[in-house]
Amino acid sequence: MTWEDNVRRAVPYVAGEQPQRSGMIKLNTNECPYPPAPGVKAALQELDWEALRLYPNTDAAELAEALADYYGIAPEQVFVGVGSDDVLAMSFLTFFHSGRPILFPDVTYSFYDVWANLFGIPYKLCALDEEWHIRPEDYMAVNGGVIFPNPNAPTGVAESLDTVERIVRANQDVVVIVDEAYVDFGAESALPLLKKYENLLVVQTFSKSRGMAGMRIGFAMGSPKLIGYLKNVKFSFNSYTMNYPSQKAGVAAVKDEAYFRLVTQKIMDTRKRAKEEFRRLGFAFPDSMANFLFVTHERIPAGELFAALRKADIYVRHWDKPRISDYLRVTIGTDAEMDRLFAFLRDYLSSN
Ligand code: PMP
């Protein structure tokens with residue numbers, strides 16, 4: 001027996017690389033190409049220096065209130081965490097406790113099976129159809145809970161509110177989590193369903209549509225009862241998760257709705273242009289409602305393109321996994337970044 005026999009072995013999630021090279025184009029982790037709302041800068045510049053001496057508010061109450069106000073729900077219906085990864089991890093720990101397998105798509109956010117394995121939660125994968133859509137019937141079997149992103153990652157495919165409701169309605173004896181990390185780029189939120197379903201948790205983030213991945217702010221919305229259970233687990237883990245500057249910055253971001261609309265619209269406009277350009281270059285892709293496109297080329301294998309792009313300091317994401325190894329996930333950047341990407345691709349495809 002050695003000390004190592006007592007160690008919990010985990011297979012960690014592998015995040016997209018974060019190189020910092022001047023002139024590089026980073027389209028690999030779905031960050032926002034634009035800075036946060038101007039009010040965020042002001043809020044950070046005006047921070048109460050003395051307050052850093054103190055522990056922050058345990059519930060991020062001011063931020064939870066601002067979010068409740070914005071989404072028209074009660075503050076007791078909001079849970080704030082350190083990025084939606086933190087919120088989702090806490091939710092797995094809290095809600096998927098039955099011992100029965102939880103259900104999620106076979107092609108989806110690759111953190112779900114990492115948390116399930118870490119917490120010893122059994123799971124079953126439900127295959128997406130050929131158009132990368134969820135088949136709601138797959139979620140009608142006995143299960144210990146359901147989670148899926150809407151829009152899904154890395155496909156970008158969105159399900160209608162009707163499809164989401166069918167799944168929630170059929171699963172009122174477990175918790176259903178809809179991960180809406182990318183919902184602000186044109187998809188329908190499940191938020192209106194909160195009025196009807198006590199077992200629904202909607203999770204969102206400031207990392208994509210609010211340009212604040214570096215601040216680590218995520219949140220969940222659900223019934224007060226559901227949020228109460230989530231808080232009990234969080235407070236059994238760490239009382240002070242979100243730091244004071246992030247709480248202040250988050251409030252300032254939520255208060256600037258005009259800037260939020262401007263940025264999300266800009267990204268949707270660039271996405272439209274990018275779709276046309278990819279199509280012209282011989283790429284196919286499912287219609288995306290997210291801030292990325294999931295593209296496959298008619299001739300050149302994705303792995304080869306990925307390597308060529310990387311050599312040119314253009315970073316996109318590629319997974320050598322079943323069903324998706326021929327695809328690249330490309331984040332929507334600024335128009336100038338996309339122009340450079342397309343200039344490279346035009347050049348590469350004409351000589352290879
Ligand atoms: N959910 C999905 C589907 C994602 O792609 C991501 C981003 N990697 C997250 C959640 C987590 O984002 P964050 O922790 O930055 O809020």
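Indexing begins at 1, ligand by ligand and atom by atom, following the structure's order.
- Checked options Lys266, Lys272, Arg271; the residue passing with Asp335 is Lys266 (criterion: salt bridge (charged side-chain N to carboxylate O under 4.0 Å, His left out)).
- If you number the atoms of ligand 1 from 1 as listed, the ones under 4.0 Å from a heavy atom of Gly83 come out as 14 (O), 16 (O).
- Annotation: atom 5 (O) of ligand 1 to nearest protein heavy atom, Tyr182 OH, 2.6 Å.
- Atom CZ of Arg216 is separated from atom OG1 of Thr205 by 6.5 Å, given to the nearest 0.5 angstrom.
- The shortest contact between atom 7 (C) of ligand 1 and any protein heavy atom is with Lys208 NZ, 3.1 Å.
- Of all the heavy atoms of Ser84, the ones lying under 4.0 Å from any atom of ligand 1 are found in both the backbone and the side chain.
- Ranking protein heavy atoms by distance to atom 15 (O) of ligand 1, first place goes to Ser207 OG, 2.6 Å.
- Across Thr205, Asp86, Thr29, heavy-atom proximity to atom 16 (O) of ligand 1 is greatest for Thr205.
- Of the protein's non-hydrogen atoms, the one nearest atom 11 (C) of ligand 1 is Asp85 OD1, 3.1 Å.
- If you check which protein heavy atom lies closest to atom 14 (O) of ligand 1, you get Arg216 NH2, 2.8 Å.
- Without hydrogens or angle criteria, His318 side chain to Ser325 main chain gives a donor-acceptor distance under 3.5 Å.
- Ring geometry for Phe278 against Phe342 counts as perpendicular: the plane angle is over 60°, on a 0 to 90° scale with 30° as the lower cut.
- With hydrogens left out, the protein atom closest to atom 8 (N) of ligand 1 is Tyr109 OH, 3.1 Å, a heavy atom.
- Side chains of Asn171 and Tyr197: a donor-acceptor N/O pair is absent below 3.5 angstrom, by distance only.
- Side-chain contact of Asn238 with Thr241: a donor-acceptor pair under 3.5 Å is absent, judged by distance alone.
- Scanning all protein heavy atoms for the shortest distance to atom 3 (C) of ligand 1 gives Asp179 OD2, 3.3 Å.
- With hydrogens and angles left out, the side-chain atoms of Glu4 and Thr2 include no donor and acceptor closer than 3.5 Å.
- Taking any N or O of Tyr112, backbone or side chain, none lies under 3.5 Å from an N or O belonging to ligand 1.
- Checked against a 3.5 angstrom limit, the closest N/O atoms of Tyr13 and ligand 1 fall outside it.
- Between Tyr13 and Phe111, the ring planes lie parallel to each other; the angle is under 30°, not in the 30° to 60° tilted range.
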